[in-house]
Each structure stands twice: as structure tokens, then as C-alpha cells.
Amino acid sequence: QVQLVESGGGLVQPGGSLRLSCVASGFDLDSYVTGWFRQAPGKEREGVSCMGSNSGIKYYADSVKGRFTISRDSTENAVYLQMNNLNPEDTAVYYCATYCPGSARTVRGARGGRRGQGTQVTISS
């Protein structure tokens with residue numbers, strides 16, 4: 001079955017950390033760019049991060065720069081998003097996709113059209 005599955009979301013206190021996983025099955029995730037997006041209730045979708053198929057240039061939205069890190073593990077056919085120093089504004093459903101935010105023009109690699117179902121991240125004390 002061709003799919004992307006996210007995991008690693010949860011409830012953490014402000015200042016805490018989470019590591020999200022995006023695991024691909026049925027296709028080689030290394031063949032595509034991989035982006036992370038988030039959407040909070042009542043807000044527009046935000047492109048959070050993206051990396052190329054060759055793990056080259058990485059893109060981060062200004063709102064997460066310096067706090068989030070995207071990485072790829074080819075042996076696991078997965079991409080990760082390490083999120084540190086989380087705050088309530090980071091609360092959202094996070095999902096991965098085989099495409100990048102429109103502003104990530106410098107990220108090289110093939111774009112696809114797949115996305116996962118998402119994982120809930122809630123930051124609250």
C-alpha cells in the first residue's frame with residue numbers, strides 16, 4: 001500500500017520537545033522532497049519545513065527556525081521533524097507530504113502529490 005504515516009505527536013508542556021516521524025511505504029521516499037505542514041483550527045495551513053531528495057538544502061518557516069530540525073533516514077524510508085522549545089502557537093495537526101511549501105523554492109528534488117493523515121501536536125500547561 002502506497003502511503004505516508006506520521007507518528008510522534010502528543011501533549012507536551014511549553015518548552016518541551018517532540019520528534020515527529022513520517023514513514024513511507026510502497027515507494028521510495030528518497031526519490032522525493034519531503035515537507036512538513038501544520039494546520040491549527042481556524043488558521044490557514046502553514047508550511048513548516050522541507051528537505052530535498054538528496055538531503056541538501058533545508059527550508060524552515062521563520063516561525064520555527066532555530067527550534068525545528070528536519071532529517072532523513074534512508075534506511076528507514078523516513079523523514080523526521082525534531083521540535084524543541086515548543087510553545088502553544090505550535091499546536092496543530094502536523095502532516096508530511098512529498099512536496100514542499102511554495103516558498104521553499106531552493107529545495108531541490110522531485111515533487112509528488114502524496115500526504116499523510118497527520119498527527120496531533122498539543123502544547124499546553
Side-chain angles (χ1 to χ4, degrees):
Q1 187 176 2
V2 177
Q3 62 180 357
L4 290 169
V5 178
E6 304 92 338
S7 62
L11 170 65
V12 297
Q13 294 185 343
S17 298
L18 284 172
R19 186 188 189 220
L20 304 184
S21 299
C22 170
V23 179
S25 58
F27 70 101
D28 183 4
L29 189 56
D30 270 1
S31 298
Y32 298 91
V33 301
T34 305
W36 283 97
F37 298 79
R38 67 186 181 185
Q39 186 152 25
K43 295 186 178 181
E44 291 190 358
R45 184 185 74 171
E46 179 184 15
V48 173
S49 182
C50 191
M51 69 184 299
S53 52
N54 62 357
S55 297
I57 293 174
K58 299 176 182 179
Y59 163 88
Y60 297 98
D62 287 344
S63 57
V64 306
K65 205 170 290 183
R67 300 188 298 123
F68 290 12
T69 303
I70 191 171
S71 62
R72 183 187 294 277
D73 186 339
S74 299
T75 63
E76 299 291 333
N77 206 24
V79 169
Y80 305 98
L81 188 68
Q82 177 67 42
M83 308 188 297
N84 298 328
N85 193 22
L86 288 161
N87 58 64
E89 289 69 39
D90 296 316
T91 295
V93 174
Y94 286 70
Y95 65 93
C96 62
T98 55
Y99 48 86
C100 285
S103 51
R105 298 180 188 87
T106 58
V107 176
R108 295 182 180 274
R111 267 66 171 170
R114 298 185 180 96
R115 58 160 285 184
Q117 292 299 309
T119 184
Q120 176 68 48
V121 171
T122 303
I123 313 303
S124 175
S125 55

Does any N or O in the side chain of [X] come within less than 3.5 Å of the main-chain N or O of [Y], such that one atom is a donor and the other an acceptor?
X	Y	value
Arg108	Thr106	no
Thr119	Gly9	yes
Asn77	Ala24	yes
Glu6	Leu20	no
Thr91	Ile123	yes
Thr98	Arg114	yes
Ser21	Ser7	no

Of the non-hydrogen atoms in [X] and [Y], which two are nearest, and what is the gap between them?
X	Y	value
Ala104	Cys50	CB-CB, 4.4 Å
Ser53	Gly109	OG-CA, 3.5 Å
Gly52	Arg72	O-NH2, 3.0 Å
Leu18	Gly8	CD2-O, 3.6 Å
Pro14	Ser125	CD-N, 3.7 Å
Gly26	Val2	O-CG2, 3.8 Å

Does Lys43 have more than 12 heavy atoms from other residues, nucleotides or ligands lying within 6.0 Å of its NZ?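 Result for NZ/Lys43: open.
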Is it the case that more than 12 heavy atoms not belonging to Gln120 sit under 6.0 Å from its CD atom?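 Yes - once you tally the heavy atoms of other residues, nucleotides and ligands closer than 6.0 Å, there are more than 12.
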Report yes if some heavy atom in the side chain of [X] is under 4.5 Å from a heavy atom in the side chain of [Y]; otherwise report no.
X	Y	value
Val23	Glu76	no
Gln82	Ser17	yes
Met83	Val48	no
Pro101	Tyr59	yes
Leu86	Phe68	yes
Ile70	Tyr60	yes
Thr69	Tyr80	no
Asn87	Arg67	yes

Would [X] and [Y] show up in the same hydrophobic cluster when neighbours are defined by side-chain heavy atoms closer than 4.5 Å?
X	Y	answer
Val64	Phe37	no
Val12	Tyr94	yes
Val107	Tyr95	no
Tyr99	Leu4	no
Val121	Val5	no

Can you tell me how far the [atom1] atom of [X] sits from the [atom2] atom of [Y], to the nearest 0.5 Å?
X	Y	atom1	atom2	result
Cys96	Leu29	SG	CG	7.5 Å
Arg115	Thr34	CZ	OG1	14.5 Å
Arg38	Glu46	CZ	CD	4.0 Å
Asp30	Asp73	CG	CG	9.0 Å

Quiz question: by atom type and distance under 3.5 Å, do the side chains of Ser63 and Glu89 form a donor-acceptor pair?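 Absent: no donor and acceptor within the cut-off.
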